[in-house]
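These numbers come from a predicted model, not from an experiment. Chain letters run A, B, ... following the sequence lines, proteins first, then strands; residues in each count from 1. Values below: every heavy atom of this structure, side chains too, minus hydrogens, waters and symmetry copies.
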2 protein chains.
Amino acid sequence: MAIKRQTATVKLLWEQFEESRDALSVVYLVKHLKVAMNKSTVYRILDRMEESGKLHSFIGKNGLKWYAKCQDCSSENHIDIHPHFQCNGCGKVECLTEEIKIPKISKHQIQLAQVLLLGKCETCLN
Amino acid sequence: MAIKRQTATVKLLWEQFEESRDALSVVYLVKHLKVAMNKSTVYRILDRMEESGKLHSFIGKNGLKWYAKCQDCSSENHIDIHPHFQCNGCGKVECLTEEIKIPKISKHQIQLAQVLLLGKCETCLN
DNA sequence: TTTATATTTGCAACTTGGTTGCAATAGTAA
DNA sequence: TTACTATTGCAACCAAGTTGCAAATATAAA
């Protein structure tokens, strides 16, 4: 189900994403939110936000679930298919603006592409 | 640690990968191997095979760990960076031969790229 | 062949991410 | 206010993956 009511918890979670284009893992959110919030609540709100086209989700290098703000999505269309960069040093995940060309694969219908680049971020390089 | 001894279990596991270019999830292997094998053993052997450059691993769409045969890797160099295709219908994962161009990202050092294409495979399309 | 040594395995217990059912709470519209 | 429905917290659960340790087994040396 998509977001129907603008509760305090929904607002608080949305604020976390509004500022940056970095992605946030659910685990991080559950641990570090200023107002403590039950983990099932966090999972459920993020889920609804994704269905509403406000967030998109993907799996990071260790199998953790990450969410980040969508740029131009709706509940019908998740067109915001950009690559993500995860730092092998600090673990941070960034959304990238670069476009990746996805090849056509014969006899396959491609619906979604998840590109995760792994390496060192600016901070960890120095 | 890399593979040091050619045990029966190591051989059995390797046979699973030898035939096809499909990837296999650890969960699948633990459930379906003809000769039952403890799951920690499976995890450890696959781990060692990856370190030896015989297999590479990646995370599928549900956070499960998958392994597939390397083409030209060694324990020093995992150069076998190809995209994977996972079917949204049956869950099967294939290794693709198509090359994906990875853009340079300013102020970032990219060490690895994981590309997971999601869609319908040939069987599930018909 | 036998012995010695280091690697590998099974087991059981554990850790952790994520899910679920249900009763209590809180938005929203009338 | 009231009534209705969405949302939340809680506790219990499930499944993937990890770990420590004692027993088993491959391999090299004698």
Side-chain angles (χ1 to χ4, degrees), chain A residues 1-16 23-68 75 84 86 91-93 114 116, chain B residues 1-16 23-68 75 84 86 91-93 114 116:
Chain A
M1 205 190 310
I3 294 275
K4 300 237 169 127
R5 290 182 185 177
Q6 204 60 16
T7 63
T9 41
V10 167
K11 275 181 220 155
L12 178 62
L13 269 177
W14 178 243
E15 281 168 22
Q16 312 303 307
L24 298 170
S25 72
V26 188
V27 169
Y28 172 86
L29 285 168
V30 170
K31 271 196 203 119
H32 293 94
L33 280 174
K34 282 170 194 169
V35 179
M37 201 179 296
N38 189 276
K39 68 171 171 171
S40 6
T41 305
V42 177
Y43 278 105
R44 289 192 274 224
I45 291 180
L46 296 176
D47 218 44
R48 279 182 266 146
M49 284 182 166
E50 182 168 31
E51 243 190 294
S52 304
K54 290 161 119 23
L55 297 180
H56 60 275
S57 74
F58 55 94
I59 305 288
K61 65 168 174 154
N62 301 121
L64 289 203
K65 195 158 193 184
W66 292 74
Y67 282 89
S75 43
H84 296 100
Q86 181 161 27
K92 186 174 86 160
V93 175
Q114 292 193 356
L116 182 63
Chain B
M1 204 190 309
I3 294 275
K4 299 236 169 127
R5 288 182 187 180
Q6 204 61 16
T7 63
T9 42
V10 167
K11 273 180 222 156
L12 178 61
L13 269 177
W14 179 242
E15 282 168 23
Q16 311 303 307
L24 298 170
S25 72
V26 188
V27 169
Y28 172 86
L29 285 168
V30 169
K31 272 198 201 117
H32 293 94
L33 280 175
K34 281 170 196 169
V35 179
M37 201 179 297
N38 189 277
K39 69 170 170 172
S40 5
T41 306
V42 177
Y43 279 105
R44 290 192 272 225
I45 291 179
L46 296 176
D47 216 46
R48 279 182 265 144
M49 283 184 167
E50 182 167 30
E51 241 190 296
S52 304
K54 289 159 118 25
L55 297 180
H56 61 273
S57 73
F58 55 95
I59 306 288
K61 65 168 173 153
N62 301 121
L64 289 203
K65 195 159 194 183
W66 292 74
Y67 282 88
S75 44
H84 296 100
Q86 181 160 26
K92 186 174 89 160
V93 175
Q114 292 193 358
L116 182 63

E51(B) has an atom CD; how far is it from atom P of dT7(C), in whole Å?
13 Å
I need the CD1-C1' distance between I3(A) and dT28(C), as an integer number of Å.
15 Å
Candidate pair L55(A) and W14(A), rule side chain to side chain contact (heavy atoms under 4.5 Å, CB included), full reasoning:
CA-CA 9 Å; L55(A) 297 180; W14(A) 178 243; 3.7 Å; yes
Please lay out, stage by stage, how L12(B) and M37(B) fare under the test side chain to side chain contact (heavy atoms under 4.5 Å, CB included).
CA-CA 10 Å; L12(B) 178 61; M37(B) 201 179 297; 3.6 Å; yes
How would nucleotides 19-26 of chain C be written as a contact map, 5' to 3', with B for base contact, S for sugar-phosphate-only contact and - for no contact, using protein heavy atoms under 4.0 Å?
BBB----B
Output the rounded distance in Å from CG (L64(A)) to P (dT15(C)).
18 Å
So which one's nearest nucleotide on DNA chain D is more toward 5', I45(A) or V26(B)?
I45(A)
Between dA16(D) atom P and D47(B) atom CG, what is the distance in whole Å?
18 Å
State, to the nearest 10°, the angle formed by the axis through the first five base pairs of the helix from dT1(C)-dA30(D) to dA30(C)-dT1(D) and the axis through its last five.
30°
Contacts of N62(B) meeting side chain to side chain donor-acceptor pair (under 3.5 Å) (sequence neighbours excluded), chain-then-number -> none
What residues form a side chain to side chain contact (heavy atoms under 4.5 Å, CB included) with K4(A), not counting sequence neighbours?
M1(A)
For a quick test of reading the model, state the closest non-hydrogen atom pair linking W66(A) to G60(A) and the distance between them.
CD1-N, 3.6 Å
If you assign each of K4(B) and V27(B) to its closest nucleotide in DNA chain D, which residue comes earlier from the 5' end?
V27(B)
In whole angstroms, the gap separating P of dT9(C) from CG of L33(B) amounts to 12 Å
Roughly how many Å is it from CG in L12(B) to P in dT9(C), rounded to a whole number?
11 Å
Between CG of L46(B) and P of dT9(C) the distance, given in whole Å, is 11 Å
For M49(B) and dT7(C), give me the distance from atom CE to atom P, rounded to whole Å.
18 Å
With sequence neighbours left out, write down each residue that passes side chain to side chain donor-acceptor pair (under 3.5 Å) with T7(A), or none if nothing qualifies.
T9(A)
Going by the rule side chain to side chain contact (heavy atoms under 4.5 Å, CB included), which residues pair with V27(A) if we only count those two or more places apart in sequence or in a different chain?
S25(A), K31(A), L64(A)
Listed partners of K39(B) passing salt bridge (Lys or Arg N to Asp or Glu O under 4.0 Å), at least two apart
none
Going through the checks in order, is the side chain to side chain contact (heavy atoms under 4.5 Å, CB included) test met by Q86(B) and L116(B)?
CA-CA 7 Å; Q86(B) 181 160 26; L116(B) 182 63; 4.0 Å; yes
